[in-house]
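Keep in mind that the numbers below use all heavy atoms, side chains included, and drop hydrogens, waters and symmetry copies. These numbers were taken from a predicted model, which means no experiment stands behind them.
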Amino acid sequence: MHPAFAVGLVFAGCCSNVIFLELLARRYPGCGNIVTFAQFLFIAVEGFLFEADLGRKPPAIPIRYYAVMVTMFFTVSVVNNYALNLNIAMPLHMIFRSGSLIANMILGIIILKKRYSIFKYTSIALVSVGIFICTFMSAKQVTSESSSSENDGFQAFAWWLLGIGALTFALLMSARMGIFQETLYKQFGKHSKEALFYNHALPLPGFIFLASDIYDHAVLFNKSELYQVPGIGVTVPIMWFYLLMNVITQYVCIRGVFILTTECASLTVTLVVTLRKFVSLIFSILYFRNPFTLWHWLGTLFVFLGTLMYTEVWNNLGTSKGQPQKEDKKN
């Protein structure tokens, strides 16, 4: 498959996925559980049909290892989506999640005993400063936009702090999951499609504990205004349409990234994913008119600049000019 097609899938799927998620969260900030459940169910059914061959294909990696990874993945997904219900704006949500490099480095040093160059420590410092600036400025906005009542302002700020704590926990848990996944792939080989299926299928029983919240939001979705789907003329409640589009675009996004990792060098994947995050952030700010000050822009610049520095984009680009394409793919 042509790499340009994969790049198109990543931008079309991932960017539009963020749009539909924000449309859902703006109407019902607490809808994270029903969104997560729908995403997991869709990918699990697709994987059961095409990857697991209706359950006839045995897993290459033992289920007991998937159980550990699935517990972490389920927790990260639920916490990340629920953070939107804790006074966390979508731009801050995206910027904070871009700080995965920090968590990866910290846990890499602690668990894998890795050591990094001064250049990588500098890049992580840039990302940290950028996230701190954005977080600090968002904290000021939360307190200033709250009610004039001191009690209401403190309550809003307390919920926001809880949201920051949730995002931090999810960031560290995601990094730990990545390290665990890395060790599994070294032992059993890389099975990305299989891991995608089991990571989404095995956690489904866990949603029983969230069934009440999922049902309540399903009722709210049913009460939303009707919307005629373009092209097919079917009328559905608009929140269900947003949810359906969020699920489909999530799948397109995941498939696009998967194709990209198999067709392109890791450098290309890093550049495309980083650029995609930046485009999503810009669109969220402009289209949804999310508050974003000059300080936020400075923090964002630090985050993306630090990310590109960490992956040594400029060094790799300079090297690849003098090397044949085949060797570049090897890297």
Side-chain angles (χ1 to χ4, degrees), residues 13-14 17 21 31-85 93 97 100 103-104 106-108 110-112 165-215 217 243 246-259 261-262 273:
C14 301
N17 177 257
L21 178 60
C31 69
N33 289 331
I34 192 172
V35 172
T36 308
F37 173 69
Q39 292 174 348
F40 274 52
L41 182 63
F42 183 88
I43 294 175
V45 170
E46 189 274 342
F48 183 73
L49 294 175
F50 299 106
E51 174 58 27
D53 191 22
L54 299 176
R56 292 191 290 264
K57 180 182 175 183
I61 300 175
I63 291 294
R64 65 179 182 275
Y65 293 110
Y66 276 126
V68 177
M69 187 160 61
V70 157
T71 302
M72 291 187 279
F73 182 68
F74 175 75
T75 305
V76 168
S77 300
V78 171
V79 171
N80 267 329
N81 280 338
Y82 191 75
L84 293 171
N85 193 35
H93 193 271
R97 291 179 68 180
S100 56
N104 288 337
I106 292 172
L107 294 187
I110 296 173
I111 298 173
L112 301 179
L167 287 177
T168 304
F169 169 79
L171 206 61
L172 292 170
M173 179 68 79
S174 180
R176 182 64 186 91
M177 182 183 73
I179 292 174
F180 182 74
Q181 194 170 13
E182 185 180 329
T183 58
L184 283 185
Y185 286 165
K186 284 181 180 178
Q187 184 177 354
F188 299 101
K190 192 172 183 179
H191 303 277
S192 302
K193 286 185 178 180
E194 178 184 288
L196 182 66
F197 164 64
Y198 283 105
N199 278 345
H200 288 81
L202 293 181
L204 288 177
F207 285 100
I208 293 175
F209 300 103
L210 306 173
S212 176
D213 181 73
I214 293 172
Y215 175 78
H217 280 89
L243 180 62
N246 177 267
V247 168
I248 293 173
T249 53
Q250 172 79 358
Y251 176 74
V252 172
C253 175
I254 290 173
R255 295 299 296 168
V257 172
F258 174 78
I259 295 170
T261 55
T262 57
V273 171

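Using a 4.5 Å heavy-atom threshold, the side chains of L21 and L84 count as touching. Using a 4.5 Å heavy-atom threshold, the side chains of I34 and Y215 count as separate. Looking at R255 and K193, their side chains come closer than 4.5 Å, going by heavy atoms from C-beta outward. In this structure the side chain of Y66 reaches within 4.5 angstrom of the side chain of L202, judged on heavy atoms. Counting only heavy atoms from C-beta outward, the side chains of M173 and V79 never approach each other to under 4.5 Å. Under the 4.5 Å side-chain criterion, counting only non-hydrogen atoms from C-beta, Y251 is not in contact with I254. Side-chain contact between V78 and N33 is present, with heavy atoms from C-beta onward closer than 4.5 Å. Side chains of M177 and T75 form no contact here, defined as non-hydrogen atoms less than 4.5 Å apart.
Considering only residues two or more places apart in sequence or on other chains, A60 meets the side-chain contact (heavy atoms from CB on, under 4.5 Å) condition with H191, E194. In terms of the ring-ring contact (aromatic ring centres under 6.0 Å, His included) criterion, residue partners of F40 (sequence neighbours excluded) are, by chain and number, F73, H200, F207.
In terms of modelled atom types and a separation under 3.5 Å, the side chain of N199 and the main chain of A195 share a donor-acceptor contact. Panel note: side chain S174, backbone A170; no donor-acceptor pair is recorded below 3.5 Å. In this structure, S77 contributes its side chain and F74 its backbone to no donor-acceptor pair below 3.5 Å.
Ring geometry for Y65 versus F188: interplanar angle of 30 to 60°, hence tilted.
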